[in-house]
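Heads up: the structure comes next, in structure tokens.
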Amino acid sequence: MLKLIGCVLIIFASSGMGYLKGMELKKHLVEVEKMRQMFLMLRSEIRHIKSPLPEAFRHIGKRMGGVYENWLLDLSEQLIRKSGVTFMELWSNSIEKHWKGGNLKEGDMEKLKAAGENMGYLDEEMQVGTIDLYVEQLEQEIQRLQNEFAVEKKLYHCLGVMGGIFLAVVLI
């Protein structure tokens with residue numbers, strides 16, 4: 001009887017691990033979609049409202065909330081202080097500070113850092129062009145993640161259940 005209960009618990013635990021891995025994929029997809037939304041808002045602030053970057057970051061941060069609010073408001077404050085550090089350094093440091101351990105993967109953070117390379121010193125059109133390029137990359141990434149999401153989610157669920165069954169059989 002104890003063996004049976006142990007086997008059931010093992011199967012449930014491994015199934016839960018597979019489910020959590022699937023949820024992690026979904027969180028990553030949602031985060032990339034929110035990042036795209038943030039850059040579209042930034043493009044609009046620059047192109048239509050003609051806001052300088054500190055003001056644009058502050059407006060967007062207040063509208064987005066969560067990690068975005070903390071990140072963008074901090075970045076805005078640092079830009080206003082003009083501490084003698086380049087925009088790229090501020091951008092990169094703020095990403096490290098606010099996104100480390102979040103739902104963005106390391107590759108996403110590197111792409112995000114690269115997006116800031118040409119933003120701080122160029123004219124409006126070049127900034128919008130840089131943002132458009134990054135938005136296009138995000139859209140491609142979102143498409144790739146959506147295509148892989150359903151398959152990988154099922155895979156993780158099945159691996160969790162099958163791994164639990166396998167372990168239960170081995171332990172019996």
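Everything quoted here is computed from the prediction, not taken from an experiment.
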Are the side chains of Q127 and L53 in touch, meaning some heavy atoms are under 4.5 Å apart? yes
Is any side-chain heavy atom of H59 closer than 4.5 Å to one of R63? yes
Shortest non-hydrogen contact between V151 and N147, atoms and distance: CG2-O, 4.3 Å
Donor-acceptor check, side chain of S76 to backbone of E55, threshold 3.5 angstrom: yes or no? no
Flag the pair K27 and E24 as a salt bridge only when some basic side-chain nitrogen lies within less than 4.0 angstrom of an acidic carboxylate oxygen. no
Side chain S92, main chain M88, donor-acceptor under 3.5 Å: no
Contact check, side chains of K50 and I46, non-hydrogen atoms, under 4.5 Å: no
Could E139 and R36 be called an ion pair, given the rule that one side-chain N must be under 4.0 Å from one carboxylate O? yes
Just by modelled atom types, is the L40 backbone N or O under 3.5 Å from a matching donor or acceptor in the S44 side chain? no
What I'd like to find out is whether the side chain of L42 reaches to under 4.5 Å of the side chain of F57, using heavy atoms alone. yes
Any chance you could measure I131, atom CD1, to F39, atom CZ, to the nearest 0.5 Å? 7.0 Å
Side chains of E89 and N93: do they bring a donor and an acceptor to under 3.5 Å? no
M64 side chain reached by M38 side chain, heavy atoms, under 4.5 Å: yes
Does the side chain of L72 come within less than 4.5 Å of R58's, by heavy atoms? no
Just checking Y19: does its OH atom have more than 12 heavy atoms from other residues, nucleotides or ligands closer to it than 6.0 angstrom? no
Using a strict cut-off of less than 4.0 Å between a Lys/Arg side-chain nitrogen and an Asp/Glu carboxylate oxygen, indicate whether K113 and E110 qualify as a salt bridge. yes
Quick test of your reading of the model: are R81 and E77 salt-bridged, counting only N-O distances below 4.0 Å? no
Reported OG-to-CD1 distance for the pair S15 and I10, which is rounded to 0.5 angstrom: 11.5 Å
Indicate the ring-plane relationship of W71 and W99, choosing parallel, tilted or perpendicular according to the 30° and 60° boundaries. perpendicular
Mind checking whether R47 and D132 have side chains closer than 4.5 Å, heavy atoms only? yes
Tell me whether the guanidinium CZ or amine NZ of K111 lies under 6.0 angstrom from the six-membered ring centre of Y134 and within 45° of its axis. no
Least distance between heavy atoms, H157 atom then G18 atom: CD2-O, 3.5 Å
Calculate, to the nearest 0.5 Å, the distance between atoms CG and NZ belonging to N70 and K97 respectively. 9.0 Å
